[in-house]
Amino acid sequence: QVQLVESGGGLVQAGGSLRLSCVASGRTFSTYAIGWFRQAPGKGREFVAEINRSGSVPSYTDSVKGRFTISRDNAKNTVYLQMNNLKPEDTAVYYCAADSDRIIDMYVVTIPREDDYAYWGQGTQVTVSA
């Protein structure tokens, strides 16, 4: 089992940047794929980005490609989401999630569903003003 804690959210103007962090407990962090999802007010939770166990294969939803970068440091049990050129439509609660069975393949890209990830953090609020 793994516990996840997100941080780094806040209020930023459109065009600005934030870096979210997701710190995991436990000594088996490198055996988990990690994903970031977000939930805007009145909407369902949607996939943002994910990264494989070694950090060599990132994947993004189309709306954040070229603006967001996911990375991980297994020595620090941490995954990062660097968010640049933020837009008001990026406003949401951002969640990180972990799963030991999720396969992320650079040649076969699949969009994960919520139930593809077993463990979830509590979320961090990101608000982008126009």
Residues R38 and T61: side-chain donor-acceptor under 3.5 angstrom: no
Distance (rounded to the nearest 0.5 Å) between C96 SG and W36 CH2: 5.0 Å
Check: T28 main-chain N/O paired with S30 side-chain donor or acceptor under 3.5 Å: no
Minimal non-hydrogen separation, S59 against V109, with atom names: OG-CG1, 3.9 Å
Charged N-O contact under 4.0 Å between K87 and D90: no
Side chain N77, main chain F29, donor-acceptor under 3.5 Å: no
Test item: R72 and I34 side chains (from C-beta on) under 4.5 Å apart, heavy atoms: yes
N/O donor-acceptor pair under 3.5 Å between Q39 side chain and V93 backbone: no
Q122 atom CD, neighbour heavy-atom count above 12 within 6.0 Å: no
Shortest non-hydrogen separation from N52 to V57 and the atoms involved: OD1-N, 2.8 Å
Short side-chain to backbone donor-acceptor contact, T91 and V128, under 3.5 Å: yes
Test item: P58 and E50 side chains (from C-beta on) under 4.5 Å apart, heavy atoms: no
Residues, nucleotides or ligands: over 12 heavy atoms within 6.0 Å of Q82 CD: yes
Whether Q3 side chain and S25 backbone form a donor-acceptor pair below 3.5 Å: no
Donor-acceptor contact present, side-chain R67 to main-chain N85, <3.5 Å: yes
Other residues, nucleotides, ligands: >12 heavy atoms within 6.0 Å of E89 CD: yes
Nearest heavy-atom neighbours spanning I104 and A33: CD1-CB, 3.9 Å
Gap between atom CE of M83 and atom CD1 of I70 - 0.5 Å precision: 11.5 Å
Beyond-backbone contact of R102 with T110, side-chain heavy atoms, under 4.5 angstrom: yes
N/O donor-acceptor pair under 3.5 Å between R53 side chain and T31 backbone: yes
Pairwise ring-ring contact (aromatic ring centres under 6.0 Å, His included) hits with a residue in residues 37-95, at least two apart: F37-F47, F37-Y117, F37-W120
Donor on one side chain, acceptor on other, N84 and S17, under 3.5 Å: yes
Considering all heavy atoms, the nearest P88-A14 contact: CD-CB, 4.1 Å
Minimum heavy-atom distance between I51 and S71, given as atom pair plus value: CD1-CA, 3.7 Å
Distance (rounded to the nearest 0.5 Å) between L18 CG and T124 OG1: 8.5 Å
Heavy-atom pair of closest approach, residues V64 and V48: CG2-O, 3.7 Å
Rounded distance [0.5 Å steps], CG in D116 versus CD1 in I103: 11.0 Å
